[in-house]
Amino acid sequence: MIDIKLLREDPDRVRTSQRARGEDEGIVDAILAAEQTHRSSLTEFEQLRAQQKSLGKQVAQAQGDEKQALLARTKEISARVKQLQADADTAQATLGDLIRQIGNIVEDGVPVGGEDDYTLLETVGEIPEFDFEPRDHLALGESLAAIDMERGAKVGGSRFYFLTGVGARLELALLNMGIAQAVEHGFTPMITPTLVKADVMAGAGFIDKHGDEVYRLEADDLYLTGTSEVALAGYHADEILDLSAGPKRYAGWSACYRREAGSHGKDTRGIIRVHQFHKVEMFTYCRVEDAAAEHQRLLGWEKEMLAKIEVPYRIIDTAAGDLGGPAARKFDCEAWVPTQGRYRELTSTSNCTTYQARRLNTRERDPNGQGTRAVATLNGTLATTRWMVAILENHQQADGSVVVPKALQPFLGLEVLRPVA
RNA sequence: GGAGACGUCGCCUAGUCCGGUCUAUGGCGCCGCACUGCUAAUGCGGUUUGGGUUUAUCGCCCAUCGAGGGUUCAAAUCCCUCCGUCUCCGCCA
């Protein structure tokens, strides 16, 4: 949720942001009007309520006829107070519904436009050249006895899979390497709930626009999370944090669940796009002034991880229209996938500034004055199951074996993965 | 799953039975000031959060006693639903 004060004081900034995202800017004026309505109805309610309270005190002390007269007056006021309160509540709900439709204010420098309008920031590493026909990650995974899609489909349906033997070990090694790096940089490792309540899901911003993407357990009114970001965003909900000693950094380890609605027919082969996978995710709470710098740090830690698996990749600055609602800016790192001849997303880091925190009511003492203010939240990927695709394909050899990147070897306990006969 | 106890503004706590001087008590902690070689101790004052009004402050007002409803002129207090914590019993990885 954006700051209503910002919208009031600088509506043009919000309009510009909406335009960059390709979204309705007329809503700004609707919100301004709704706020006026809310404020006047609230004032009206409060004034009569004050009168009701002071009369109530007289009632308590009065006796006999005087008391009866007061009761008659106060009964009438009571009914009006109730009505005014209902009006004020309605006005507030209307305002809330409107303002929640606005995405975060896009950071300066973010390219305008949709999915294809990203800015290429950097390309790292050499695209490998094979003197043999490279096999895709699933062919490799099957011959290594690492991935079993067929039985995955038998048990869970399409887009489910088993990681078997070295496949399971490779995933654990990758995730453990992510946790190890996070710990090395001062993150607190966290294993998070993957089922969360509706208000946490909504607070993290995953219901409004990604509603179709999310699994919901009807019987319990719980949501399966698509990333530990959700649980970590909820972790400090309704709290006042002390960030005077620096940001709070968490590394969440969790299973992730995505419905992949609307992506029928896309990436149907292998484990690129699946309903369930694992991820180690960085999550930071920091002061809003530090958020942009922290975003660069998160990107730096993603690059550090990508260097460890020795695959070529590029970094893009996602266009405004491709940002999630809570994000003010997003950098994706995309690894080269040889058999597809293109780059595929391995990491994504978003600066959500105060957007999530405002919804989840996570604040700090205002260092510049009195009272409290919303903190900033950021997130970024350290490792996911999908990384196996890039590792397998980029490090494959003519005989079907796969060389394990050096940094990963101590975690995996193997230097080479060899095909099973 | 069954039975019971509980949830008060950082922490602890009074108030709830019997609705109205509760504008929520007291202690601890914390902040400020005073006194004082320093620290400590002591004294005085302040200390939930959100919002409205004003906006240069002061001030005034509303909401907030786990959450949401209800009863009532009036709810921390009475009723209902939900959430959470603890104890015991049962069942089960």
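Protein chains get the first letters and strands the later ones, always in sequence-line order, with residue 1 at the start of each. All values below come from the heavy atoms of this structure, side chains included, with hydrogens, waters and symmetry mates left out.
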Report task. Run the salt-bridge test on A:Glu150 and A:Lys154 with the 4.0 Å N-O cut-off and return the result as yes or no. Result -> no
Query raised in the report: Which one, B:A63, B:U23, B:G52, comes nearest to the side chain of A:Arg8?
Result: B:G52
Query raised in the report: Using atom P of each nucleotide, how far apart are B:C11 and B:U16 to the nearest Å?
Result: 23 Å
Query raised in the report: What is the distance from CG of A:Asp221 to P of B:U81, rounded to the nearest Å?
Result: 20 Å
Report task. Provide the Watson-Crick or G-U wobble partner of B:C78, both distances under 3.5 Å; none if there is no partner. Result -> B:G70
Report summary line: Against the side chain of A:Lys53, the closest entry in B:A63, B:C73, B:U23 is B:A63
Query raised in the report: Between B:G10 and B:C65, how far is it from one C1' atom to the other, in whole Å?
Result: 16 Å
Query - Side chain of A:Lys5 - closest among B:U49, B:U23, B:G51 - result: B:G51
Requested in this report: Considering only NZ, NE, NH1 and NH2 on the basic side and carboxylate oxygens on the acidic side, decide whether A:Asp267 and A:Arg159 come within less than 4.0 Å.
Outcome: no
Query raised in the report: Are the side chain of A:Glu25 and the backbone of A:Arg19 linked by a donor-acceptor contact shorter than 3.5 Å?
Result: no
Query raised in the report: Mind checking the P distance from B:A41 to B:G32? Whole angstroms is fine.
Result: 15 Å
Report task. Evaluate the ring planes of A:Tyr285 and A:Tyr250, with Trp represented by its six-membered ring, and classify them as parallel (under 30°), tilted (30 to 60°) or perpendicular (over 60°). Result -> perpendicular
Query raised in the report: Which nucleotide sits closest to the side chain of A:Arg365: B:C62, B:G52, B:U49?
Result: B:U49
Query - Nearest-nucleotide pick for A:Lys197, side chain only, options being B:C62, B:C83, B:A74 - result: B:C83
Report summary line: Scanning both residues in full, the closest heavy-atom pair of A:Thr347 with A:Glu302 reads OG1-OE1, 2.9 Å
Query raised in the report: In terms of side-chain heavy atoms, does A:Gln356 have a donor or acceptor partner in A:Thr377 at a distance below 3.5 Å?
Result: yes
Query raised in the report: With a non-hydrogen cut-off below 4.0 angstrom, is A:Arg39 in contact with a base, only sugar-phosphate, or nothing?
Result: sugar-phosphate
Query raised in the report: Rounded to whole angstroms, how far apart are NZ on A:Lys82 and P on B:A75?
Result: 9 Å
Requested in this report: Write down the distance between CZ (A:Arg49) and C1' (B:C62), rounded to a whole number of angstrom.
Outcome: 9 Å
Query - Phosphate contact (B:U49 OP1 or OP2) by A:Thr372 side-chain N/O below 4.0 Å - result: no
Query raised in the report: In Watson-Crick or G-U wobble terms, both distances under 3.5 Å, what is the partner of B:A41?
Result: none
Report task. Grab the CG-P distance between A:Asp199 and B:G84 for me, whole Å please. Result -> 12 Å
Query - Residue met sooner reading RNA chain B from 5', once A:Gln52 and A:Gly371 are mapped to nucleotides - result: A:Gly371
Query raised in the report: Considering Watson-Crick and G-U wobble pairs with both distances under 3.5 Å, what does B:U36 pair with?
Result: none
Report summary line: Out of B:G52, B:U72, B:C73, minimum distance to the side chain of A:Leu42 belongs to B:G52
Query raised in the report: What is the distance from CD1 of A:Ile240 to C1' of B:U47, rounded to the nearest Å?
Result: 13 Å
Query raised in the report: Considering only the P atoms, how many Å lie between B:C22 and B:G15, rounded to the nearest integer?
Result: 15 Å
Query raised in the report: What is the pairing partner of B:C6, taking Watson-Crick or G-U wobble pairs with both distances under 3.5 Å in any strand?
Result: B:G84
Requested in this report: Mind calculating the distance between CG (A:Asp87) and P (B:A63) to the nearest angstrom?
Outcome: 17 Å
Report task. Between A:Glu35 and A:Gln47, name the one whose nearest nucleotide on RNA chain B is closer to the 5' end. Result -> A:Glu35
Requested in this report: Determine the interatomic distance between P on B:G4 and the same-named atom on B:C82; round to the nearest Å.
Outcome: 15 Å
Query raised in the report: Which one, B:C73, B:A63, B:G52, comes nearest to the side chain of A:Lys75?
Result: B:C73
Query raised in the report: Given atom CG of A:Asn361 and atom P of B:U64, what is their separation to the nearest angstrom?
Result: 17 Å
Query raised in the report: For A:Arg363 and B:G50, is the shortest distance between a side-chain N/O and OP1 or OP2 below 4.0 Å?
Result: yes
Query raised in the report: What is the pairing partner of B:C18, taking Watson-Crick or G-U wobble pairs with both distances under 3.5 Å in any strand?
Result: none
Query - Pairing partner of B:C30 (Watson-Crick or G-U wobble, both distances under 3.5 Å) - result: B:G46
Requested in this report: Check the angle between the aromatic planes of A:Phe160 and A:His275 and answer parallel, tilted or perpendicular using the 30° and 60° thresholds.
Outcome: tilted
Query raised in the report: Which base sits across from B:C91 as a Watson-Crick or G-U pair, both distances under 3.5 Å?
Result: none
Query raised in the report: C1' atom, B:C35 versus B:G52: distance in rounded Å?
Result: 42 Å
Query raised in the report: A:Phe45 has an atom CZ; how far is it from atom C1' of B:A63, in whole Å?
Result: 7 Å
Query raised in the report: Using purine N1 to pyrimidine N3 plus N6-O4 or O6-N4 for Watson-Crick, or N1-O2 and O6-N3 for G-U wobble, both under 3.5 Å, which nucleotide pairs with B:U57?
Result: none
